[in-house]
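Heavy-atom basis, side chains included; hydrogens, waters and symmetry copies ignored. Each chain gets a letter, A, B and so on, in the order its sequence line appears, and its residues count up from 1.
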Number of protein chains: 2
Amino acid sequence: MKTLKYSRQRESIKTCLMNRTDHPTADALYLSIREEFPNISLGTVYRNLNLLVELGEIISFTCGDGSVHFDYTTTPHYHFVCKTCGHIHDLPVSMVRETNEFLTEPVPGRIDSHSVFFYGECADCVDKKMTH
Amino acid sequence: MKTLKYSRQRESIKTCLMNRTDHPTADALYLSIREEFPNISLGTVYRNLNLLVELGEIISFTCGDGSVHFDYTTTPHYHFVCKTCGHIHDLPVSMVRETNEFLTEPVPGRIDSHSVFFYGECADCVDKKMTH
DNA sequence: ATAATAATGATAATCGTTACTATTATAATA
DNA sequence: TATTATAATAGTAACGATTATCATTATTAT
């Protein structure tokens with residue numbers, strides 16, 4: 001079997017994803033990490049992100065437009081996508097807990113999980129428009 | 001400005017999508033339509049699907065795995081994805097109506113819409129396993 | 001230190017989708 | 001009905017995101 005070996009690049013990918021709140025794509029993460037590792041390969045970023053998803057250390061999702069985003073938070077939560085600034089906000093876990101049974105009840109089969117995305121304009125962007 | 005012209009291919013794409021319940025991808029639809037139009041181009045399928053989305057006659061969505069699916073039903077509804085057979089089931093509109101206000105309340109901003117996907121195993125696939 | 005092998009950077013290949021172009025189909029007009 | 005204008009097509013090339021390949025480098029065990 002295959003044992004995992006430490007790599008500075010993988011560690012950097014993890015900490016970088018942990019410190020960001022915007023749920024970056026592989027390419028966005030790649031651009032960030034290049035500041036620390038100027039010649040890291042885009043393939044390395046993809047390979048490690050997929051590995052971390054397999055290990056359950058991170059999760060990936062698409063938010064309607066088809067682009068794949070990565071998230072360091074693995075506990076169940078929802079997302080709110082701002083159509084103006086594109087930022088993807090986390091939503092409180094309590095919402096998931098409250099809606100879980102209610103939502104899963106009328107479905108024709110066995111439910112393992114569900115995901116919810118909200119689309120709109122975040123408070124920051126709404127405020128900016130008010131002041132103009 | 002540009003006026004729309006009739007095309008048998010576009011009509012076929014519409015009726016084909018209308019008669020299917022599995023929310024096909026562009027490629028799956030392409031394979032279906034080739035039975036009627038053996039030399040229709042994949043580009044034609046993509047072009048018309050995108051046009052129909054623009055016109056609001058159909059909608060498109062991704063269900064987590066990144067693949068883009070098309071749906072002839074444009075009224076708000078949820079989807080249930082079976083991890084075994086891959087079929088994407090429609091869920092009753094009443095669910096949306098019931099959960100709408102409840103879900104949108106605690107979000108930090110203005111909500112335009114939301115989407116919900118359920119993942120699990122549909123009744124058919126559960127039954128099949130029971131009989132083995 | 002040496003050996004074994006996992007991980008890397010660089011690049012080629014793949015896949016889904018879009019753009020391009022000469023030709024065909026549709027619709028308006030004479 | 002014939003003519004003209006142009007939207008739509010089939011076929012193919014191009015594109016962007018992702019994955020695979022491979023020689024070299026880094027990590028770990030002996």
Donor-acceptor pairs under 3.5 angstrom involving side-chain atoms of residues 50-59 of chain A: please list them, not counting sequence neighbours.
unit_1: A:Asn50; atom_1: ND2; unit_2: A:Tyr46; atom_2: O; d: 3.4
unit_1: A:Glu57; atom_1: OE1; unit_2: A:Lys14; atom_2: NZ; d: 2.9

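- Ion pairing between a basic and an acidic side chain is recognised when a charged N comes within 4.0 Å of a carboxylate O; B:Asp112 and B:Arg110 show such pairing.
- Chaining together hydrophobic side chains whose heavy atoms lie under 4.5 Å apart leaves A:Tyr6 on its own.
- Comparing the local axis fitted to the first five base pairs of the helix from C:dA1-D:dT30 to C:dA30-D:dT1 with the one fitted to its last five gives a bend of 30°, rounded to 10°.
- With sequence neighbours excluded, no residue forms a side-chain contact (heavy atoms from CB on, under 4.5 Å) with A:Asn39.
- Not counting sequence neighbours, the partners of B:Asp124 by the side-chain contact (heavy atoms from CB on, under 4.5 Å) test are B:Cys122.
- Of all the residues in residues 44-53 of chain B, B:Thr44, B:Arg47, B:Asn48 reach under 4.0 Å from DNA chain D with at least one non-hydrogen atom.
- Against DNA chain C, the stretch residues 57-72 of chain B makes heavy-atom approaches under 4.0 Å through B:Val68.
- By the side-chain contact (heavy atoms from CB on, under 4.5 Å) test, B:Ser41 pairs with B:Thr44, sequence neighbours left out.
- Within a heavy-atom distance below 4.0 Å of DNA chain C, the residues of residues 8-39 of chain B found are B:Arg8.
- As a member of the Ile/Leu/Val/Met/Phe/Trp/Tyr network built from side-chain separations under 4.5 Å, A:Ile88 groups with A:Phe61, A:Val81, A:Phe117, A:Tyr119.
- Shown here are the salt bridge (Lys or Arg N to Asp or Glu O under 4.0 Å) partners of A:Asp22, two or more places apart in sequence or in another chain: A:Arg20.
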Using nucleotides 28-30 of chain D, report all nitrogen or oxygen pairs with the protein that are shorter than 3.5 Å.
unit_1: D:dT28; atom_1: OP1; unit_2: A:Tyr6; atom_2: N; d: 3.3

